[in-house]
Amino acid sequence: MRRATISICSNIAEGAARKSKNEKKRFYEIARSSAVEIDTQLEAALLLEYIKPEQANNLQKNLESVFRMLSKMIENMSFPSPNGH
């Protein structure tokens, strides 16, 4: 989970540094995939009783927020910019 969390941050940063929309979008998609990976790991941690249900719920809410933000960033990369780039 720690590795996937760092992956989200790192891929957002790397995507933000790219000039082309396609490259930015690709890194944001990788970041979003890491969020999905964390979601799966949260479910496993809950089933294995590594975390309590209330902890899982709080983490899930935060993760859903991150996922929505990343999805919006990806969506924004799909539209042509006003200056044609």
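Numbers for residues simply follow the sequence, beginning at 1. As the structure is a prediction and not an experimental result, all values here were calculated from the model.
Between Leu70 and Tyr28, the shortest heavy-atom contact is CD2-O, 4.2 Å. The minimum heavy-atom distance linking Ser34 with Ile8 is given by the pair CB-CG1, 3.6 Å. Ala35 and Phe67 get closest at one heavy-atom pair: CB-CD1, 4.4 Å. Taking both residues in full, the closest heavy atoms of Gln55 and Lys52 are given as OE1-N, 2.7 Å, listed atom of the first, atom of the second, then distance. For Ser71 against Arg32, the heavy-atom pair with the smallest separation is OG-NH1, 3.1 Å.
One distance of note links CD of Glu75 with NZ of Lys25; it measures 10.0 Å at 0.5 Å rounding. Atom CG in Leu47 sits 9.0 Å away from atom CD in Glu49 (nearest 0.5 Å).
A salt bridge is absent between Lys61 and Glu64: the closest approach of a Lys/Arg side-chain nitrogen to an acidic carboxylate oxygen does not fall below 4.0 angstrom.
Between Arg68 and Lys72, every side-chain heavy-atom pair lies at or beyond the 4.5 Å cut-off. Between Ile12 and Met73 the shortest side-chain heavy-atom distance falls below 4.5 Å. Taking the side chain as every heavy atom from C-beta outward, Leu59 and Ile38 never approach each other to under 4.5 Å.
Although no hydrogens or angles enter the test, the distance criterion places a donor-acceptor pair under 3.5 Å between the side chain of Gln41 and the main chain of Met1.
Counted within 6.0 Å of CD on Glu54, heavy atoms from surrounding residues, nucleotides or ligands total more than 12; the atom is thus considered enclosed.
Using a 4.5 Å cut-off between side-chain heavy atoms of Ile, Leu, Val, Met, Phe, Trp and Tyr, with links allowed through other members, Met77 and Ile30 fall into different hydrophobic clusters.
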